[in-house]
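Because the structure is predicted, anything quoted here is derived from the model rather than measured. In the text below, chain A, chain B and the rest are named by the order of the sequence lines, each starting its count at 1.
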2 protein chains.
Amino acid sequence: METSLSNIERQQAILSLLQRQQRLKIAQICEEFSISEATARRDLEALAAQGLIQRVHGGAIPLQHATPEPPLLERSQEQADEKARIGKLAAGLVQDGETVFLGSGTTVLEVAKNLRDRKGLTIITNSLPVINLFAGLETIQVVCLGGILRNSELSFIGHITEQALSEVRADRVFLGVRAVDLEHGLTNDYLPETMTDRAILKIGREVIVVADHTKTCRVSTAFLAPLTSMHTFITTREADESFIAALRELGIQVLLA
Amino acid sequence: METSLSNIERQQAILSLLQRQQRLKIAQICEEFSISEATARRDLEALAAQGLIQRVHGGAIPLQHATPEPPLLERSQEQADEKARIGKLAAGLVQDGETVFLGSGTTVLEVAKNLRDRKGLTIITNSLPVINLFAGLETIQVVCLGGILRNSELSFIGHITEQALSEVRADRVFLGVRAVDLEHGLTNDYLPETMTDRAILKIGREVIVVADHTKTCRVSTAFLAPLTSMHTFITTREADESFIAALRELGIQVLLA
DNA sequence: TCAAAATCAATCAATTTCTTTCAAACATTA
DNA sequence: TAATGTTTGAAAGAAATTGATTGATTTTGA
């Protein structure tokens with residue numbers, strides 16, 4: 001311990017301490033800096049007022065990067081386990097050093113979570129949560145497509161997005177869809193997104209569609225593309241076997257998580 | 001110990017002393033240079049006004065620039081008060097319903113914070129924190145430019161960004177710069193960003209540059225644009241008066257927060 | 001649900017540090 | 001040398017920081 005620090009230095013020290021530990025109690029701070037509880041509280045109060053930490057009863061925790069997640073959050077709970085399994089399996093298809101496109105939606109976000117430790121990846125995406133997931137990582141380059149932010153999905157769509165897509169290519173494209181059906185192909189529920197998604201399908205050497213089993217044998221409102229526009233389909237064991245067999249019949253690689 | 005130094009020399013000595021030691025107390029300075037507390041305080045005050053040190057109760061500490069941490073978050077503390085004032089004043093220039101471009105940097109982020117309650121705005125930006133700030137707000141449309149994510153600033157730059165810029169126009173453009181100088185104009189410290197920033201300057205009817213006073217009368221490494229490419233300059237009362245007068249002489253509207 | 005324990009916010013006093021003010025010392029220019 | 005402006009030091013009142021105390025609030029465990 002150094003000699004008495006000024007309040008600002010101490011607060012900076014607390015902040016960096018809090019980056020490493022996931023939680024700091026008042027008592028810990030008192031001991032570490034040899035100060036009274038009152039002062040420790042005042043320091044945390046000051047840091048919280050600056051929005052640098054999250055105050056909790058008994059201490060403080062680091063600020064969970066306050067990135068928004070409105071309706072996306074609720075939906076991500078559904079079939080959370082299935083999506084996690086899909087994410088893990090799908091991420092295994094990616095080699096270090098590749099360029100990968102990640103679309104919007106919670107299932108693709110699960111794929112993204114399993115790619116954070118990889119080295120030398122280039123991530124192209126139109127999903128704000130995906131960008132936030134990779135932002136600040138030194139080993140991964142992030143390319144955002146831009147466009148108009150769609151609040152319900154936190155994804156970028158529109159003319160600007162499609163124009164940006166014409167400038168990039170990816171080794172693998174991971175796309176989530178609302179519904180997959182043998183007869184009606186890939187469908188989504190939001191028409192304006194269709195043009196953007198079609199453009200996305202064209203930029204990848206391998207197109208990988210991910211969807212939990214509740215989305216199979218279903219049809220949504222907006223036709224996106226025929227089944228054969230995807231090379232690989234990843235879902236879970238819970239999916240209907242005959243449906244899977246029919247996809248394989250079409251030459252589509254099907255992986256079950 | 002040298003014999004009596006002039007105030008300027010002494011301040012430089014204090015500065016270099018402060019680079020080695022991580023903290024200097026008033027008493028230390030008094031002893032080291034054989035000066036009174038009053039003079040020691042005046043020296044620190046002068047250095048702090050130039051944005052060269054961080055003043056604390058009882059002494060001073062170096063700026064946190066050297067931290068390899070997420071620099072944006074840390075840096076936002078410097079001149080935090082000035083930036084907040086600028087943000088408030090600048091936001092007042094925006095009318096409900098307008099289309100506004102917001103650039104990267106902590107000062108512009110302060111402007112953004114003061115625009116969250118507005119109705120019917122369209123926000124165009126290449127700054128990830130700005131996007132996150134407005135994401136999910138129903139009354140505000142967000143347009144992201146896309147591009148390669150620059151980790152240190154969390155902003156998007158590059159070819160994709162510039163291409164997207166050619167598709168949009170804004171009523172007002174808010175831009176932060178690293179340095180503003182009468183002779184050398186607007187300068188930044190990161191060369192690859194220059195092309196993007198120049199493209200940004202072209203999309204607005206009114207270009208508003210924001211910078212706290214420590215960035216005035218300074219020059220950075222990469223030339224961005226002449227002073228006359230901005231219509232309005234917003235800084236704080238602390239800025240040098242003759243500098244402000246000279247800007248007004250050039251026909252630039254100067255606002256002091 | 002209640003009660004004990006922990007934590008908190010609010011306040012006060014003691015200490016340190018800061019700002020302001022003024023006058024003396026010093027340097028600069030005419 | 002005289003006049004002017006800058007830098008310095010000293011002193012008094014203002015402000016900030018801290019630790020202690022009190023009573024309120026929240027959490028925890030039965």
Exercise. Over how many whole Å does the gap from N7(A) atom CG to dT17(C) atom P extend?
Worked result: 12 Å
Exercise. Any side-chain N or O of R55(B) under 4.0 Å from OP1/OP2 of dC18(C)?
Worked result: yes
Exercise. Considering only dT7(C), dT19(C), dA10(D), which nucleotide approaches the side chain of R41(B) most closely?
Worked result: dT19(C)
Exercise. So, is S36(B) near the phosphate of dT8(D), with a side-chain N or O under 4.0 Å from OP1 or OP2?
Worked result: no
For this session: Take E206(B) and T232(B), measure what side chain to side chain donor-acceptor pair (under 3.5 Å) needs, and give me the verdict at the end.
Result: CA-CA 8 Å; E206(B) 179 181 11; T232(B) 304; 2.7 Å; yes
Exercise. Does any N or O in the side chain of R118(B) come within less than 3.5 Å of the main-chain N or O of A91(B), such that one atom is a donor and the other an acceptor?
Worked result: yes
Problem set entry | Integer-rounded Å distance: dT8(D) P and I29(B) CD1 | 13 Å
For this session: Check the pair T236(B) / E82(B) against side chain to side chain donor-acceptor pair (under 3.5 Å), numbers first and verdict last.
Result: CA-CA 7 Å; T236(B) 59; E82(B) 283 190 49; 2.7 Å; yes
Seminar exercise, completed: When rounded to whole Å, the CD to P distance for the pair E9(A) and dT17(C) reads 13 Å
For this session: Rounded to the nearest angstrom, tell me the gap between atom CD in E37(A) and atom C1' in dA5(C).
Result: 13 Å
Exercise. Roughly how many Å is it from CZ in F33(A) to C1' in dT18(D), rounded to a whole number?
Worked result: 16 Å
Problem set entry | Distance test, side-chain N/O of R10(A) to OP1/OP2 of dT18(D), below 4.0 Å | yes
Exercise. Going by distance alone, is a donor N or O of one side chain under 3.5 Å from an acceptor N or O of the other, for S6(A) and E9(A)?
Worked result: yes
For this session: Mind calculating the distance between CG (D43(B)) and P (dT8(D)) to the nearest angstrom?
Result: 7 Å
Exercise. Is it true that the side chains of Q11(A) and D43(A) contain a donor and an acceptor less than 3.5 Å apart?
Worked result: yes
Problem set entry | Distance in angstrom units between E45(A) CD and dT7(C) C1', rounded | 14 Å
Exercise. Out of dA20(D), dT17(D), dT8(D), which nucleotide sits closest to the side chain of R42(B)?
Worked result: dT8(D)
Seminar exercise, completed: By nearest-heavy-atom nucleotide on DNA chain D, the more 5' of S6(A) and H57(A) is S6(A)
Problem set entry | Protein-nucleotide distance (L44(A), atom CG; dT18(D), atom P), rounded to Å | 13 Å
